[in-house]
Amino acid sequence: MCGIVGIVGKSNVNLALYDSLTVLQHRGQDAAGIMTYDHGKVNLRKDNGLVRDVFHTRHMKQLTGHMGIGHVRYPTAGSCGPAQAQPLYVNSPFGISIAHNGNLTNVDDLRQDLYRADLRHLNTDSDSEVLLNVFAHELQRLNHHKMAPTAEDIFNAVSAVHRRCRGAYAVVAMVVGHGIVGFRDKYGIRPLVFGKRKTRKGCEYMLASESVALDSQGFTLVRDVAPGEAIYIREDGTFESKICAPDSKLHSCIFEHVYFARPDSLIDGVSVYKSRLRMGEKLAQKILRERPQHDIDVVIPIPDTSRTAAVELANALGLKFREGFVKNRYIGRTFIMPGQSQRKKSVKQKLNAIPLEFQDKNVLLVDDSIVRGTTCKQIIEMAREAGARKVYFCSASPPVQYPNVYGIDMPAVGELIAHGKTVEEVRQMIGADWLLFQDLEDLIASCAEGSILPLEFECSVFDGVYVTGDVNDSYLAKLEAQRNDAAKLTKHRDLGAYGDEDESQIPLHSNE
């Protein structure tokens, strides 16, 4: 999962890009990067680490220009290290840089085509570099040595990307000296929005993964980029758009609402905050159906994502809501950490129980999801150690039983605690007194209510249905080999704990 942003402004955009990436930091803590264009010069700074650690004053002074793109990332299967931090860049045609959120499912075939037919060299194993080269090749093929691309050239190149690339992709690309392009795959799996703001010098435009990034910079949300749509904003602020995939149909990733997106964002017109409130309401209704004689004393969320659902669940049941865990905010998200031993250690570092809220009480713990089960098992143990009489557990989403292939680096299927197991078997494994999962139809209803769009969802982690239609057993087997803990630990050792090589910056134009 990654966060992307692009701005065409009337003054320097470096600070706005930096602040936007900080707002989108929850979408990736592995690496960050910004590229800007300034009077024929391209400036780039990227490295592994958080936004605040990657960019210092000297870097920001160099990132001049009225147009630029930015990216925060965590590595998906097969890609990590500072060389693969984004934006990525190719110098022909025009010079094109890209920031990509998602994952291509036919990347191996595309690599062969790019090498054998398009005569393009790839330097990393990143599918984002593949996507960049496909777009660059198609734009070069269509442009016929013109000095500047027309909007139609851009849209035809994006149409060719849709024909060639499968999987999930939300993209902002900068065509050096000409403008910024934003586009979304024909299913709209990964989110992308755009907005504008008026200044004394004219209208400025911004593209971002989530609307909250626009809010932070004073841009007014216009709408989501439609599935299969491309938007082209020239350097002078001229705006054009076109649907480039005629068979497009929205299948938004439902896990954005469950876990990834910030609650103050709108995704495809739906408030993430309200969708999580509705998850809590529906969980309460299920408890009343299945356990009408429950003896819950208090509802406690597992911070932070589940807090909204837990509050509404407690309200609906007429129960006390209490904060029972204190979170160390300087520990990253645990389900993407390599190695079970490191993951177990990090849970203890991440949360600490407040015994007063557990002592001699029957507590209901609420989490957004259960993936490996490592975290919730330890949290249940912590609740018992803090004095809880009984510990019940609710998940605001259904059991996660299948891997994600569209840009979320979930574990190998063999490491998903619910895969092939009953709810009772999962309950025994995590040690809860009883366990309850959200029903998928209730989750879908929670995330769809209020939308003015014909909204469907990509729910593959829950139902195993992959909307792109090209995910088969051999693909999943290869993904299993890349994502299991042994493979991640090998990669972790090869790169060092944080991939801390010196190739931290590619200064296409730099004074350093």
Side-chain angles (χ1 to χ4, degrees), residues 1 22-29 50 74 210 212 255-265 271-281 283-284 296-317 319-337 342-359 361 363-388 391-397 400 408 430-432 435-438 446:
M1 185 62 59
T22 301
V23 170
L24 296 173
Q25 186 76 83
H26 62 285
R27 300 188 67 85
Q29 302 91 46
L50 300 175
Y74 78 76
E210 295 183 34
V212 67
F255 216 73
E256 292 278 354
H257 289 271
V258 170
Y259 179 68
F260 269 105
R262 276 181 42 153
D264 44 347
S265 286
S271 164
V272 175
Y273 175 75
K274 287 191 174 181
S275 70
R276 290 176 183 168
L277 286 176
R278 291 188 286 267
M279 291 177 206
E281 291 175 1
L283 271 176
I296 303 167
D297 295 317
V298 62
V299 176
I300 294 176
I302 296 173
D304 285 313
T305 319
S306 64
R307 184 174 287 113
T308 306
V311 166
E312 196 63 14
L313 184 153
N315 288 338
L317 294 179
L319 296 172
K320 291 180 181 179
F321 172 86
R322 292 290 186 269
E323 296 285 351
F325 295 102
V326 176
K327 182 178 180 180
N328 180 348
R329 300 185 183 278
Y330 302 96
I331 299 292
R333 290 179 165 181
T334 54
F335 87 84
I336 61 173
M337 287 185 177
Q342 181 182 345
R343 201 173 298 117
K344 286 180 178 179
K345 180 181 178 182
S346 70
V347 173
K348 292 288 188 181
Q349 294 173 332
K350 186 175 182 178
L351 294 175
N352 190 48
I354 302 173
L356 178 67
E357 299 299 345
F358 293 92
Q359 191 67 45
K361 296 176 183 175
V363 299
L364 173 62
L365 302 182
V366 181
D367 206 352
D368 52 77
S369 59
I370 300 177
V371 182
R372 283 185 173 92
T374 307
T375 300
C376 60
K377 181 178 180 180
Q378 289 188 72
I379 288 173
I380 290 168
E381 292 172 355
M382 290 168 63
R384 296 193 191 282
E385 291 168 1
V391 182
Y392 310 128
F393 204 97
C394 274
S395 168
S397 62
V400 176
I408 300 176
I430 66 174
L435 171 65
L436 186 141
F437 286 98
Q438 185 88 266
S446 298

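Worth saying up front: this structure is predicted, and the values here are computed from it rather than measured.
- The shortest distance between side-chain heavy atoms of L351 and M382 falls below 4.5 Å.
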Can F358 and F325 be said to form a ring-ring contact (aromatic ring centres under 6.0 Å, His included), step by step?
-> CA-CA 10 Å; F358 293 92; F325 295 102; 5.2 Å; yes
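- When each of V299, D297, L436 is tested with L364 by the rule side-chain contact (heavy atoms from CB on, under 4.5 Å), just one qualifies, namely V299.
- Rounding to the nearest 0.5 angstrom, the gap separating the OG1 atom in T308 from the CZ atom in R276 is 6.5 Å.
- In this structure, the separation between CD1 on I379 and NZ on K350 is 8.0 Å, given to the nearest 0.5 Å.
- Between D264 and V212, the closest heavy-atom pair is OD2-CG2, 3.3 Å.
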Let me see the working for V391 and R384 under side-chain contact (heavy atoms from CB on, under 4.5 Å), right down to the final yes or no.
-> CA-CA 7 Å; V391 182; R384 296 193 191 282; 3.8 Å; yes
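- Atom CE of M279 and atom SG of C394 lie 14.0 Å apart (nearest 0.5 Å).
- Here the CD1-CD distance, from I430 to E381, works out to 10.5 Å after rounding to the nearest 0.5 Å.
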Passes side-chain contact (heavy atoms from CB on, under 4.5 Å), Y74 versus I408? Steps please.
-> CA-CA 9 Å; Y74 78 76; I408 300 176; 3.6 Å; yes
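- A distance of 13.5 Å separates NE2 of H257 from OG of S397, quoted to the nearest 0.5 Å.
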Would I370 and F393 satisfy side-chain contact (heavy atoms from CB on, under 4.5 Å), going step by step from the backbone distance to the final call?
-> CA-CA 10 Å; I370 300 177; F393 204 97; 3.7 Å; yes
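- Side-chain atoms of E210 come within 3.5 Å of backbone atoms of R262 as a donor-acceptor pair (strictly under, hydrogens ignored).
- With E312 contributing its side chain and G280 its backbone, the two residues share no donor-acceptor pair below 3.5 Å.
- The two residues V272 and A261 have their closest heavy-atom pair at CG2-CB, 3.9 Å.
- Closest approach of Y259 to T305, counting heavy atoms only: O-CG2, 3.5 Å.
- Put simply, the side chain of Q438 does not reach to within 4.5 Å of the side chain of S395, judged on heavy atoms.
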Go through the steps to decide whether E281 and L313 satisfy the test side-chain contact (heavy atoms from CB on, under 4.5 Å), and finish with yes or no.
-> CA-CA 5 Å; E281 291 175 1; L313 184 153; over 6 Å; no
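- Atom CZ of F321 has more than 12 heavy atoms from other residues, nucleotides or ligands within 6.0 Å.
- Residues satisfying the side chain to side chain contact (heavy atoms under 4.5 Å, CB included) criterion with E357, sequence neighbours excluded, are I300, R322, I354, K361.
- Under the side-chain hydrogen bond (donor to acceptor under 3.5 Å, both in side chains) criterion, S369 pairs with no residue at all, not counting sequence neighbours.
- One finds the CD1 atom of I302 at 11.5 Å from the CZ atom of R307 (value rounded to the nearest 0.5 Å).
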